[in-house]
Amino acid sequence: MALPVLQATGYQFRRILNYFPQDISLAFAYGSAVFRQAGAAQSPAQNMLDFVFAVDDPVTWHTMNMMQNRSHYSVLKYLGPKRISNIQNKYGAGVYYNTLVPCDGKVIKYGVVSIDSLYEDLLHWRTLYIAGRLHKPVKILVQKENGRLRTALITNLKSAVIASFLMLPESFSEEELYLQIAGLSYSGDFRMIIGEDKAKVMNIVGPNMEHFQKLYIDILQECPQAVYKQAQGKIEVDKSPEGQFLQLMSLPKHLQQTITGLVDQPGRNRDVEEVLLTVAQDPDCGAVVQQAIFGIVKSSSLSQSAKGIVTAGKSTIENPVITVY
């Protein structure tokens with residue numbers, strides 16, 4: 001199956017990449033400045049451009065980037081690239097952000113993540129921080145020919161579909177599916193409470209249905225656990241205990257473990273498969289999955305935002321910018 005990630009890029013994004021070290025395994029742009037959102041600024045040029053760079057060796061990359069772009073970093077630059085990489089990998093969601101950076105006549109924010117941390121999130125939903133952004137349309141700027149990366153990106157999309165199936169009724173519209181998928185990484189995110197438009201998910205999906213379809217159409221057509229009626233824009237899924245058990249067993253490992261921790265009674269120490277079999281027979285199965293996702297997102301969003309106060313430095317305190325796409 002062809003990789004269902006949008007490949008079209010704009011000249012402005014490619015120009016900006018030229019200002020950074022080129023040893024990047026995956027680079028993508030995201031947010032309202034890339035894909036139109038209802039209620040967002042009229043012109044994409046009015047919005048800050050958001051990027052994520054996945055790199056094989058964060059120490060080497062930060063070393064090179066500090067030589068080229070030392071002013072991008074907060075006071076933490078005086079700790080050196082090795083300490084910065086440790087802060088990146090050990091705290092929050094494994095991402096180091098430089099924000100409110102003037103670049104090529106625009107203002108950008110970019111996050112750096114190690115390729116190993118990216119794999120962990122895409123495959124297991126350790127934080128749902130970068131994986132959640134990749135549930136929604138993004139513009140891929142760099143993607144190295146790498147079978148493991150390709151598989152991880154597709155697996156993340158499939159996981160988003162299965163998790164959403166569990167939280168939706170037996171029959172629903174294609175738009176309802178995309179609303180559920182787009183909302184996964186917002187569940188539990190405190191920034192949605194203090195700083196973001198409560199209708200943000202609808203604002204993302206509504207103007208971008210075509211982009212969501214490009215991401216997910218192959219997965220829906222090939223999914224054995226659903227009937228996709230493309231002409232009607234309708235989907236039907238198996239809500240029997242057997243069907244839900246198969247879906248639960250297909251979820252990312254960390255999400256399965258989180259569900260087990262919520263459901264298993266203290267002292268019983270049942271294995272994951274046994275607990276998921278119990279959850280599959282629970283009328284509130286979808287609510288349990290939603291609660292587990294809420295817990296994962298809440299933890300990572302709080303810790304990453306706390307780290308962001310330090311890594312972004314004085315500029316963010318004076319000019320707070322919160323982007324949750």
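All values derive from a computational prediction rather than experimental measurement. In what follows, every heavy atom counts, from backbone to side chain, and hydrogens, waters and symmetry copies are set aside.
Proximity of V113 to F53: side-chain heavy atoms (C-beta onward) are nowhere separated by under 4.5 Å. Under the 4.5 Å side-chain criterion, counting only non-hydrogen atoms from C-beta, L248 is in contact with V279. Side-chain atoms of I259 and V289, non-hydrogen and from C-beta on, do get closer than 4.5 Å to each other. A heavy-atom distance below 4.5 Å is not found between the side chains of L251 and S159. I235 is not listed as a side-chain neighbour of V227, based on a closest heavy-atom distance of 4.5 Å or more.
Both V95 and I140 sit in one connected hydrophobic cluster of ILVMFWY residues. Membership requires side-chain heavy atoms under 4.5 Å apart, directly or through other members. By the criterion of side-chain heavy atoms lying less than 4.5 angstrom apart, applied directly or through intervening Ile, Leu, Val, Met, Phe, Trp or Tyr residues, Y178 is grouped together with I219 in one hydrophobic cluster. Cluster annotation: I108 and V142 are assigned to the same hydrophobic cluster (Ile/Leu/Val/Met/Phe/Trp/Tyr, side-chain heavy-atom contacts under 4.5 Å, transitive). In the hydrophobic cluster analysis, where Ile, Leu, Val, Met, Phe, Trp and Tyr join through side-chain heavy atoms closer than 4.5 angstrom, V59 is grouped apart from I115. Residues M249 and V161 are members of one and the same hydrophobic cluster, defined by side-chain heavy-atom contacts under 4.5 angstrom among Ile, Leu, Val, Met, Phe, Trp and Tyr.
Listed by first then second residue, pairs satisfying salt bridge (Lys or Arg N to Asp or Glu O under 4.0 Å) with a partner in residues 172-181 number zero, not counting sequence neighbours. Every pair tested for side-chain hydrogen bond (donor to acceptor under 3.5 Å, both in side chains) that includes a residue from residues 163-172 fails, sequence neighbours excluded, so the list is empty.
Around CE of M202, the count of heavy atoms belonging to other residues, nucleotides or ligands within 6.0 Å does not exceed 12.
A distance of 10.5 Å separates CG of L220 from CG of L215, quoted to the nearest 0.5 Å. Taken to the nearest 0.5 Å, the CD atom of Q68 stands 13.5 Å off from the CZ atom of R70. Of the inter-residue distances, the one linking D264 atom CG with R270 atom CZ reads 4.5 Å to the nearest 0.5 angstrom. Annotation: the span from L26 atom CG to R150 atom CZ amounts to 13.0 Å, rounded to 0.5 Å. Y97 OH to F51 CZ: the interatomic distance, rounded to the nearest 0.5 Å, is 11.5 Å. Interatomic distance, CG of L277 versus CD of E242, reported as 9.0 Å (0.5 Å rounding).
T60 and T63 share no side-chain donor-acceptor pair at under 3.5 Å. A donor atom on one side chain and an acceptor atom on the other are found under 3.5 Å apart for Q230 and Q221. A donor-acceptor pair shorter than 3.5 Å can be found between the side chains of K136 and S185.
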List the steps, then state whether side-chain contact (heavy atoms from CB on, under 4.5 Å) holds for D56 with I24. CA-CA 7 Å; D56 291 341; I24 297 174; over 6 Å; no

Using salt bridge (Lys or Arg N to Asp or Glu O under 4.0 Å), reason through D50 and K109 one step at a time and then give a plain yes or no. CA-CA 5 Å; D50 297 301; K109 177 179 75 175; 3.7 Å; yes

Let's go through L157 and L134 carefully: what are the C-alpha distance in whole Å and the side-chain angles of both, what is the deciding distance for side-chain contact (heavy atoms from CB on, under 4.5 Å) to 0.1 Å, and is it a yes or a no? CA-CA 8 Å; L157 296 177; L134 287 165; 5.8 Å; no

Using the rule given for side-chain hydrogen bond (donor to acceptor under 3.5 Å, both in side chains), can you reason through H62 versus Y73, listing the C-alpha separation, both sets of side-chain angles and the distance that settles it, and then say yes or no? CA-CA 10 Å; H62 283 297; Y73 291 81; 2.8 Å; yes

Show, in sequence, the C-alpha distance, side-chain angles and deciding distance for L123 and N156, and conclude whether the side-chain contact (heavy atoms from CB on, under 4.5 Å) test is met. CA-CA 6 Å; L123 296 174; N156 180 48; over 6 Å; no

Would you please test V237 and Q225 for side-chain contact (heavy atoms from CB on, under 4.5 Å) and show each step? CA-CA 6 Å; V237 296; Q225 299 165 343; over 6 Å; no

Between S240 and D238, does the side-chain hydrogen bond (donor to acceptor under 3.5 Å, both in side chains) criterion hold? Intermediate values first, please. CA-CA 6 Å; S240 69; D238 184 0; 2.8 Å; yes

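The nearest pair of heavy atoms linking C285 to L166 is SG-CD2, 4.0 Å.
Classification of the F165-F172 ring pair by plane angle, with boundaries at 30° and 60°, yields tilted. Ring pair H211/F35 is perpendicular by interplanar angle, where above 60° counts as perpendicular and below 30° as parallel.
A salt bridge is defined here as a Lys NZ or Arg NE, NH1 or NH2 lying under 4.0 Å from an Asp or Glu carboxylate O, and K144 with D23 meets this definition. Checked for salt-bridge contact, R126 and D121 miss the test: no charged N lies under 4.0 Å from a carboxylate O.
Only one option out of N69, N65, T99 pairs with Y110 in a side-chain hydrogen bond (donor to acceptor under 3.5 Å, both in side chains); it is N65. H135 pairs in a ring pair (Phe, Tyr, Trp, His ring centres under 6.0 Å) with only one of the listed residues (Y216, W125, F212, Y30), which is W125.
Figure legend: R133 and Y129 shown as a cation-pi pair, the cationic atom lying under 6.0 angstrom from the six-membered ring centre and within 45 degrees of its axis.
Shown here are the salt bridge (Lys or Arg N to Asp or Glu O under 4.0 Å) partners of K229, two or more places apart in sequence or in another chain: E236.
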